[in-house]
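For reference, positions follow the sequence shown, starting with 1.
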Amino acid sequence: PFTATYIGGNSPPEIEIFNDTDRTLYIDIGQGKMTAYAIPPKLSKTIQLAEGIYNYKASAARVLPLQGDENFKKGYRYTWRFTIITVRK
């Protein structure tokens, strides 16, 4: 789910999260202890992390959550864009 762009240097990893949905997006991310973020609809949030492997969970009302882990590296900027896709059965 992440797009990594090398920006160079030894700067800590930065993640820009875009909420392109009509619902508040809830992101929990951390190494052991999770930090929670709420991102209102149609807005974005930028967070900086220390280099390393992080667990994450992204959720919103009435959608299946997304969870996993990602290795964030120094010198990279990550973008994470959320949309909702409706599937009819």
**Q** List for me each residue that meets side chain to side chain contact (heavy atoms under 4.5 Å, CB included) alongside Ser11, sequence neighbours excluded, and say none if there are none.
**A**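 So Ser11 forms a side chain to side chain contact (heavy atoms under 4.5 Å, CB included) with Ile7.
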**Q** Residues two or more places apart in sequence or in another chain: which of them pass side-chain hydrogen bond (donor to acceptor under 3.5 Å, both in side chains) with Glu16?
**A** Arg77
**Q** Enumerate the residue pairs fulfilling salt bridge (Lys or Arg N to Asp or Glu O under 4.0 Å) with a member in residues 29-49, sequence neighbours excluded, ordered by first and then second residue.
**A**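 Sorted pair list comes back empty.
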**Q** If every non-hydrogen atom of Gly75 is compared with every non-hydrogen atom of Tyr6, which pair is closest and at what distance?
**A** O-CD1, 3.4 Å
**Q** Applying side chain to side chain contact (heavy atoms under 4.5 Å, CB included), name anything that partners Thr35, two or more places apart in sequence or on another chain.
**A**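 Thr35: side chain to side chain contact (heavy atoms under 4.5 Å, CB included) contacts with Tyr37.
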**Q** Is any side-chain heavy atom of Pro13 closer than 4.5 Å to a side-chain heavy atom of Tyr76?
**A**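 No, their side chains stay 4.5 Å or more apart.
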**Q** Is there any salt bridge (Lys or Arg N to Asp or Glu O under 4.0 Å) pair reaching into residues 80-89, and which pairs are they, with sequence neighbours excluded?
**A**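 Salt bridge (Lys or Arg N to Asp or Glu O under 4.0 Å) check on residues 80-89 returns Asp20-Arg81.
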**Q** Give the minimum heavy-atom separation between Asn10 and Lys74, together with the two atoms involved.
**A** OD1-CD, 3.0 Å
**Q** According to side chain to side chain contact (heavy atoms under 4.5 Å, CB included), who are the partners of Ala38, at least two apart in sequence or on a separate chain?
**A**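 Here the qualifying residues are Thr24, Tyr26.
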**Q** Just how far is it from atom CD1 of Ile17 to atom OG of Ser44, taken to the nearest 0.5 Å?
**A** 9.0 Å
**Q** Could you walk me through whether Trp80 and Tyr78 pass ring pair (Phe, Tyr, Trp, His ring centres under 6.0 Å), step by step?
**A** CA-CA 7 Å; Trp80 200 7; Tyr78 297 83; over 10 Å; no
**Q** For the atom pair CG (Leu25) and CZ (Phe18), what is the distance rounded to the nearest 0.5 Å?
**A** 12.5 Å
**Q** Enter the distance from Arg23:CZ to Ile84:CD1 here, rounded to the nearest 0.5 Å.
**A**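 Reported to 0.5 Å precision, the distance equals 4.0 Å.
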**Q** From the options Ile27, Thr46, Thr79, Ile29, select the one residue that forms a side chain to side chain contact (heavy atoms under 4.5 Å, CB included) with Ile15.
**A**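 It is Ile29; the other options fail the test.
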**Q** Table please: side-chain donor-acceptor pairs of residues 57-73 below 3.5 Å, with sequence neighbours left out.
**A**
none

**Q** For Asp28, check salt bridge (charged side-chain N to carboxylate O under 4.0 Å, His left out) against everything at least two apart and list the hits.
**A** none
